[in-house]
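Labels below follow one simple rule: chain letters A, B, ... track the order of the sequence lines, proteins then strands, and each chain is numbered from 1.
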Number of protein chains: 2
Amino acid sequence: MKVAEPTVERLVQYRRLLERLVQEDVSVVSSRDIGDMLGYKASQVRKDLSYFGEIGKRGVGYGVERLLSHVEDILAPPKKWRIGLVGVGRLGEAIIDHRAFLSQDYEIVALFDVSEKKIGKVFLGKPCFSLADMPKKLSELDIDVIMLTVPKEAAQSCVDIATSSGVIRGILNFSPSSISVPEGVIVYSVDISVELEKLLFYLKH
Amino acid sequence: MKVAEPTVERLVQYRRLLERLVQEDVSVVSSRDIGDMLGYKASQVRKDLSYFGEIGKRGVGYGVERLLSHVEDILAPPKKWRIGLVGVGRLGEAIIDHRAFLSQDYEIVALFDVSEKKIGKVFLGKPCFSLADMPKKLSELDIDVIMLTVPKEAAQSCVDIATSSGVIRGILNFSPSSISVPEGVIVYSVDISVELEKLLFYLKH
DNA sequence: AGGTGTGAAATCGTTCACAGCC
DNA sequence: GGCTGTGAACGATTTCACACCT
């Protein structure tokens, strides 16, 4: 099934909200409730949820637990993803430490850096290896995805080294640069300054 | 003039690329060159640039320096924005240290935190104040925008305190939570785990 | 020939409006 | 009466196709 990107983004938000509602012992929500809490139109919420079958009750709403497990199923990965993080700087460490990585769906299993000071050390429980050993380690450790937190000058060469192993299928790029990857590798970027610039642009009307 | 959001995002990328091309003494580029380097269609590049007047030469391309100064003018803010950062954790420090903040267009001028250990200290040249003093300090220091790098539980209350001063016009939210703000305040969010989840979703086709 | 600028067409995503069920 | 599910209308963005300039 083909799902639009904005829908996937909202599904992640629905899951988060529903987890909170389960905690708070809320048993039923309407599309309007969900929309109000997350800043979406009720019709948007209904359309998103309807792509995956009829899950609500007309005249009533959605059962919170039932809907949550439904959304979890949609988002569930085929296996627990194994992630490598390239570039153990301040941003890299902040990400290793991030609460998101308590997820059951993925795990950071190795770090990579060029600095002799970092290679061989352990950061927040994760071992750091040399960039030069990366292709070998990526295969050995069965890593599917890398997150790139290196300076922009290093980004493309790190990508080239990582993709040379042939095991990498996805890259989450935090560096402020466009990278090119082999056919079939998916790249998403999180670019702090681009988001800030967009905000500032609209601030001047 | 009204500019679509995806266009603004690409304009920021064009500026980055053009800055590099100036460094490399490239004097002319075509829309196809730009598109190939950034992963856009040539027609997309031409359309984006044409919104702001005829700047290229038919049969030739765009003069790099001329185009850069044109794009800089489009993105230029009316004044240097003054930014406050709320939450001096690992992620907050990574952002303070980020190369993006060498920009002439904006500057982090103050930090805010609840921790007694951090209040009164200076981090990478930026003074840290108490959350309780935030409304006063935001006015005093003429801060327009805040960046939120607090745990999700604290996000909404920090927003409420910050917007109570009435001087905040924009918020860049790094916390994994939806926040509500008074009419007229613009919010952009950078959510690491949402981007990762989207990537992983498309990895399982 | 080569490359821009741009209306028109195509695509993608959101919102409406209402039939259908609880 | 209230709320879901969904085709149809709408709106936004991308891509095409070609006239026009150098």
Nucleotides 19-21 of chain C: which of its N/O atoms have a protein N/O under 3.5 Å away?
{"unit_1": "C:dG20", "atom_1": "N3", "unit_2": "A:Arg58", "atom_2": "NH1", "d": "3.4"}

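A side-chain donor-acceptor contact under 3.5 Å links B:Gln13 and B:Arg16. Of the N and O atoms on the side chains of B:Ser157 and B:Asp160, not one donor lies less than 3.5 Å from an acceptor on the other residue.
Look at CD1 on B:Ile34: it is 12 Å from C1' on C:dT4, rounded to the nearest Å. Taking atom CG on A:Leu49 and atom P on D:dT6, their separation rounds to 12 Å, with Å as the unit. Rounded to an integer number of Å, the gap from NE2 of A:His70 to C1' of D:dG5 is 14 Å.
Between the CD1 atom in B:Ile168 and the CD1 atom in B:Ile83 there is a gap of 10.0 Å [rounded to 0.5 Å].
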Name the atoms and distances for all side-chain donor-acceptor pairs under 3.5 Å in residues 176-183 of chain A, with sequence neighbours left out.
{"unit_1": "A:Ser177", "atom_1": "OG", "unit_2": "A:Ser175", "atom_2": "OG", "d": "2.9"}

Please tabulate, for the side chains in residues 64-78 of chain A, all donor-acceptor contacts under 3.5 angstrom to protein atoms that are two or more places apart in sequence or on a different chain.
{"unit_1": "A:Ser69", "atom_1": "OG", "unit_2": "A:Arg66", "atom_2": "O", "d": "3.3"}
{"unit_1": "A:His70", "atom_1": "NE2", "unit_2": "A:Phe52", "atom_2": "O", "d": "3.4"}

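Checked against B:Asp144 for a salt bridge (charged side-chain N to carboxylate O under 4.0 Å, His left out), the options B:Lys80, B:Lys79, B:Arg169 give a single hit: B:Lys79.
Contacts of residues 190-205 of chain B with DNA chain D (heavy atom under 4.0 Å): none. Taken residue by residue, residues 19-32 of chain B places no heavy atom nearer than 4.0 Å to DNA chain D.
Looking at heavy-atom distances under 4.0 Å, B:Ile55 makes contact with sugar-phosphate atoms alone, never a base.
Classified by interplanar angle (parallel below 30°, tilted 30° to 60°, perpendicular above 60°), the ring pair B:Phe129/B:Phe112 is tilted.
In this structure, the side chain of B:Ser139 engages the main chain of B:Pro135 through a donor-acceptor pair within 3.5 Å. When atom types are taken as modelled, the side chain of B:Lys118 and the backbone of B:Cys128 share no donor-acceptor pair closer than 3.5 angstrom. Of the possible donor and acceptor atoms, none in the side chain of A:Ser103 sits under 3.5 Å from a partner among the backbone N and O of A:Ala100. Side-chain atoms of A:Arg82 come within 3.5 Å of backbone N or O of A:Leu141 as a donor-acceptor pair.
OP1 or OP2 of C:dG5 has at least one side-chain nitrogen or oxygen of B:Tyr62 nearer than 4.0 Å.
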Fill in: Reading 5' to 3' through nucleotides 13-18 of chain D, protein heavy-atom contacts under 4.0 Å coded B for base, S for sugar-phosphate only, - for none
SSBBB-
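Looking at A:Arg15 and A:Asp105, a side-chain N of the basic residue comes within less than 4.0 Å of a carboxylate O on the acidic one, giving a salt bridge. A salt bridge links B:Glu153 with A:Arg99: the closest approach of a Lys/Arg side-chain nitrogen to an acidic carboxylate oxygen falls below 4.0 angstrom.
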